[in-house]
Amino acid sequence: MLSLYGTDVSSRLLLGTARYPSPAVLAEAVRTSQTEIVTVSLRREMAGGKAGGAFFEMIRGFGVQVLPNTAGCHSVSEAVLTAKMAREVFATDWIKLEVIGHHDTLQPDVFALVEAARILASEGFRVFPYTTDDLIVAERLLDAGCAVLMPWCAPIGSAMGPVNMAALRSMRANFPDVPLIVDAGIGRPSHAAAVMELGFDAVLLNTAVASALDPAAMAGAFASAIEAGRDACLAGILQPRDMAVPSTPIIGKAVFQ
Amino acid sequence: MNVLIRGAGVAGLTTALELARRNLSVTVVDIRPSLEGSASWFAGGMLAPWCERESAGQGVFDLGRSAADLWEAALPGHVLRNGTLVVAPPRDSGELARFASRAGGGATWLDEAGIAQLEPALAGRFRKALFFPGEAHLDPRAALSSLQQMLADRGVSFRFAQSGDLPAHGFDRVVDCTGAAAVGETRDLRGVRGEMLYLETEEINLARPIRLLHPRHPIYIVPREKNRFMVGATMIETDDAGPVTARSMMELLNAAYALHPAFGEARVAETGAGIRPAYPDNLPRVTALGDTIHVNGFYRHGFLLAPAMAGEVARRLLADTPQPERLAS
């Protein structure tokens, strides 16, 4: 069982709620994914200070843990303010912290991210920082009070899948006891299975599900892949080797040629 | 039969037309002083069942497929059957294939020469595009005004600036077409904010709606008369109807500029924000509550789906009501 800030979750799939064809399709995807945590963007749906009204109400109605995010925030103060609004709207101290450094690439501004994480953690927030795969940034985030890390595996929405397996592997090796959730860049179930095989604790999905032809079916496919990757990791994965090895021992031949 | 229709947006007026055609006595009331300001007033007016199927699914396609014909029959001369052109910035050109597959047909691929032939103003700006020749558009404001005039000529009476509930006595049935005003009252109905603006420039001419695909901010530009272009529309999950935000305006303008730099010199003639009423599946519904039939939840498909839904309202209204000829048979 995965424990995030003291909350045990059995599903290792976190689902974003943006950009589905309709709320009805989103609700179906939440069901088929069997997710226990959904993220929701506050910034975008807060026009005029009104709190997303019926849409937020519906998300609360899913009966799963809500992880509000600060998507679209470009500065420390903006992110902190959004986190505080989120705490009021969803009555949770969980916050997925995004501080975007570049409007076009949506790359996280890791300096502002560490600073915002420090402020929010000191104010009692349980911070889930969206970060890169940089080890030193990860250390600084842990120092700032984060107990979960959410590295990307490729830029947000890019669907490229893990572009730097070595970096992800080294992240896992460096932080064996920190829950690591791959946040962005997943395009297909095999990508999710690949990072789960590396030993990552969970995967967060949005575009890959929301923009599929059939989002609910895709959510189910991802759920299976994530479970398969997790099971494979626990089962111990055979490492590749350069030589062929017969799966059936051959008897009656000279052992060494 | 005396029917009261609440709401003079596209749903109210098309319903009025269907009922007037069946020789019912119809009165339309609206809380606003005129047609201006409803969600329909800010609509794009695209009759684009294929492009809308991309995001809204088969239901919208089935209901909206005949929209252009129905509008043409109701308001001859208003419907422009020039199709829809869908383009994407070079680095997002993968979005085009995705869009085509989700639209599920109705499109042909164009190369640079094909685009230039169709829209000379866009020559050389995009290497690939999708063209949906079967789609159409109209000017919502002109269409609503003409429809009101036509209905008035047919004997439909209009009462604007009717604040509060106009007493329904004296009417046999009521059809509620108040749209976003029912958010908070009608179960499962929510508001989705949309923001748009009008640009005015003589530097560029377009013959048809252009959709610019972008993974985060897809927009459309619809040419109108007098060198005007409607740029829309944001989709924000809130029922706040305040003025357009700086961020939304920036996104709309950026997209227009990406389509053609000439829009950089255009005048911003108008900005607007409206609330689209939507059910969880983003499809409209006809529901009967007592003597009132509610038709609502048109989301971003008012002009596309109102004609079909108006027919449905008329059928429901007449089926629910004992008809003399039926009783006689």
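Labels below follow one simple rule: chain letters A, B, ... track the order of the sequence lines, proteins then strands, and each chain is numbered from 1.
Of the atoms belonging to A:Ala212, it is backbone heavy atoms, and not side-chain ones, that fall under 4.5 Å from chain B. If you measure heavy-atom distances from A:Ile59 to chain B, you find no contacts under 4.5 Å at all. Heavy atoms of A:Ser211 lying under 4.5 Å from chain B belong to its backbone as well as its side chain.
Within 6.0 Å of CZ on A:Arg188 lie no more than 12 heavy atoms contributed by other residues, nucleotides or ligands. The number of heavy-atom neighbours closer than 6.0 Å to CD of A:Glu227, taken from other residues, nucleotides and ligands shown, is 12 or below. Within a 6.0 Å radius of CD in A:Glu197, more than 12 heavy atoms belonging to other residues, nucleotides or ligands are found. A:Glu88 CD: 12 or fewer foreign heavy atoms inside a 6.0 Å radius.
B:Glu237 CD to A:Glu57 CD: the interatomic distance, rounded to the nearest 0.5 Å, is 13.0 Å. Between the OG1 atom of B:Thr238 and the CZ atom of A:Phe56 there is a distance of 8.5 Å, given to the nearest 0.5 Å.
Every ring-ring contact (aromatic ring centres under 6.0 Å, His included) that A:Phe128 has, sequence neighbours left out, goes to A:Tyr5, A:Trp94.
Your options are A:Gly157, A:Ser22, A:Pro21, and the one with the most heavy-atom pairs under 4.5 Å with chain B is A:Ser22.
Within residues 269-287 of chain B, the residues having any heavy atom under 4.5 Å from a heavy atom of chain A are, by residue number, B:Pro280, B:Asp281, B:Asn282.
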